[in-house]
Amino acid sequence: MITPFKNGKVDYEALERNAEFLIRAGVTCLVPVGTTGESPTLSHEEHELVITTVVRAAQGRCKVMPGTGSNSTSEALSLTKWAEKTGADAALVVAPYYNKPMQEGFYEHYKALAEAVDIPICVYNIPGRSAKNIEPDTIIRLAEIPNIKMVKEATGQMDQASRIISQTDLTVLSGDDSMTLPHMAVGAKGVISVVGNIVPQDMIALCSAMLNNDLPLAQELHFKTFQLCRDMLSLATNPIPVKAAMKILGMDTGELRLPLTPLTEAQESALMETLKRYGLLGI
């Protein structure tokens, strides 16, 4: 989920509306305060209140797995404990970024979190943002810890996903919309989606088709959503383009927090053409 802002502040009413839109579309889990939710620029108080707001908005109608990661283990512990206390069903924990731990550091980080809470932990591996890969051998070790249950796989390496799926019982979720079909083809169970903020039904249909072994339908939906992902998300760093799309579609103000900056006029025009081609705007 995006984090809506209005006049520089978190717009909690809009956050509730976005949650309702996604729940009514049929999503199985809401994921606030992740990368798309601009978590790096939220204060700890805002981070906690966003989690609480989404849990309350869900009212048990779907699961909630907020982002609770940090490059400080103590901060990640605090946020993960808050998620558990407020009623979240699981926690999405990004690899510690910037300080580039050794593999043993990754292991001890996640082990400390898993031993401190009872909710399931999803290891979020995105070396393009965190600067270092959590190697498959480390994830295979982490899988032995009882409540480490999931991996958000955003390395772009199918070999890594294949090793994890073949050698563990972890639930693997694609961390890249356009990789959903190939990931699910080797055994992943779904996607933590960015474009799902605007086309949740299509992403749900793609995952359902794969889970039901309907490859022709899944391929059709993959090629349809792939073009939207490619043309929208290539314009700028996520979540800049998806927030701009939501503004165009009347779903959000489109506000960002620095250091993220809005699309240029040319980029916004290109985005409008992309949305028209997809059928989200009138021609």
Side-chain angles (χ1 to χ4, degrees), residues 1-5 18 22 31 33-41 67 92 94-95 97 124-131 133 152-161 173-185 188 190-207 210 218-283:
M1 296 180 68
I2 63 133
T3 300
F5 298 122
N18 289 344
L22 294 168
V31 183
V33 280
T35 304
T36 308
E38 293 176 78
S39 56
T41 54
L92 176 69
V94 71
Y97 42 85
Y124 179 11
N125 194 16
I126 182 165
R129 285 186 184 262
S130 66
N133 185 34
K152 180 180 177 183
E153 169 53 47
T155 66
Q157 301 178 39
M158 287 302 299
D159 285 357
Q160 177 145 337
L173 302 167
S174 177
D176 184 337
D177 284 288
S178 61
M179 293 286 284
T180 303
L181 187 150
H183 275 137
M184 294 188 75
V191 60
I192 298 177
S193 176
V194 177
V195 297
N197 279 282
I198 58 174
V199 289
Q201 294 93 337
D202 288 348
M203 295 309 299
I204 292 166
L206 169 54
C207 292
M210 286 301 292
Q219 288 174 325
E220 178 184 333
L221 289 161
H222 166 76
F223 289 120
K224 178 184 179 183
T225 57
F226 168 76
Q227 294 180 56
L228 177 63
C229 297
R230 178 196 63 195
D231 295 343
M232 181 173 74
L233 298 178
S234 64
L235 288 171
T237 304
N238 176 47
I240 296 170
V242 71
K243 275 199 149 180
M246 291 175 75
K247 180 181 180 181
I248 291 167
L249 297 171
M251 301 170 68
D252 185 57
T253 65
E255 269 192 48
L256 302 152
R257 277 189 176 168
L258 287 170
L260 298 185
T261 52
L263 296 179
T264 65
E265 286 187 17
Q267 289 172 324
E268 192 162 316
S269 295
L271 176 58
M272 290 186 73
E273 291 303 313
T274 295
L275 297 175
K276 287 176 183 177
R277 286 194 299 271
Y278 200 84
L280 292 169
L281 283 177
I283 303 299

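Just so it is clear, the values below take in all heavy atoms, side chains as well, and ignore hydrogens, waters and symmetry mates. Sequence positions, counted from 1, serve as the residue numbers for this chain. A quick note: this is a predicted structure, and the numbers were derived from the prediction, not measured.
- In this structure, the separation between OG1 on Thr3 and CG on Asp252 is 9.5 Å, given to the nearest 0.5 Å.
- Rounding to the nearest 0.5 Å places CD of Glu273 at 9.0 Å from CG of Leu281.
- With hydrogens and angles ignored, the 3.5 Å screen pairs no side-chain donor or acceptor of Thr36 with any backbone N or O of Ile2.
- For the atom pair NZ of Lys247 and CG of Leu256, the computed distance is 9.5 Å after rounding to the nearest 0.5 Å.
- Between Cys207 and Gly190 the shortest heavy-atom distance is SG-CA, 4.0 Å.
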### Query
Please walk me through it: do Val242 and Met232 pass side-chain contact (heavy atoms from CB on, under 4.5 Å)?
CA-CA 7 Å; Val242 71; Met232 181 173 74; 4.2 Å; yes
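- Between Thr35 and Tyr124 the shortest side-chain heavy-atom distance falls below 4.5 Å.
- In terms of heavy-atom proximity, Pro182 sits nearest to Met158 at O-CE, 3.4 Å.
- In this structure, the side chain of Glu153 engages the main chain of Thr155 through a donor-acceptor pair within 3.5 Å.
- With hydrogens and angles ignored, the 3.5 Å screen pairs no side-chain donor or acceptor of Glu268 with any backbone N or O of Leu263.
- Contact record, Pro239 with Leu260: CD-CD1, 3.6 Å, taken as the closest heavy-atom pair.
- A heavy-atom distance below 4.5 Å is not found between the side chains of Met210 and Leu221.
- Panel note: side chain Lys152, backbone Val94; no donor-acceptor pair is recorded below 3.5 Å.
- When every heavy atom of Pro4 is checked against every heavy atom of Lys243, the shortest pair comes out as CA-NZ, 4.4 Å.
- Distance check, rounded to the nearest 0.5 Å: CE of Met246 to CG of Asn197 gives 5.0 Å.
- Taking CD1 of Ile198 as the reference point, atom CE of Met203 lies at 11.0 Å (rounded to 0.5 Å).
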### Message
Working note: Leu275 + Leu271, criterion side-chain contact (heavy atoms from CB on, under 4.5 Å); need CA distance, chi angles, decisive distance, verdict.
### Response
CA-CA 6 Å; Leu275 297 175; Leu271 176 58; 4.2 Å; yes
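- Side-chain atoms of Asp176 and Ser178 form a donor-acceptor pair, as typed in the model, at a separation below 3.5 Å.
- Closest non-hydrogen pair, Ala236 versus Pro241, comes out as O-CG, 3.4 Å.
- A donor atom on one side chain and an acceptor atom on the other are found under 3.5 Å apart for Gln160 and Asn133.
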### Task
Evaluate side-chain contact (heavy atoms from CB on, under 4.5 Å) for Ile240 paired with Gln267, printing each intermediate quantity in order.
CA-CA 11 Å; Ile240 296 170; Gln267 289 172 324; over 6 Å; no
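- Among all heavy-atom pairs drawn from Val191 and Leu173, the shortest one is N-CD2, 4.4 Å.
- Panel note: side chain Asp177, backbone Val194; a donor-acceptor pair is recorded below 3.5 Å.
- With values rounded to the nearest 0.5 angstrom, Met179 atom CE is found 13.5 Å from Met184 atom CE.
- Counting only heavy atoms from C-beta outward, the side chains of His222 and Thr180 never approach each other to under 4.5 Å.
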### Verdict with reasoning, Phe5 to Glu38, per side-chain contact (heavy atoms from CB on, under 4.5 Å)
CA-CA 10 Å; Phe5 298 122; Glu38 293 176 78; 3.4 Å; yes
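- The closest donor-acceptor contact from the side chain of Ser130 to the backbone of Tyr97 lies at 3.5 Å or more, if one exists at all.
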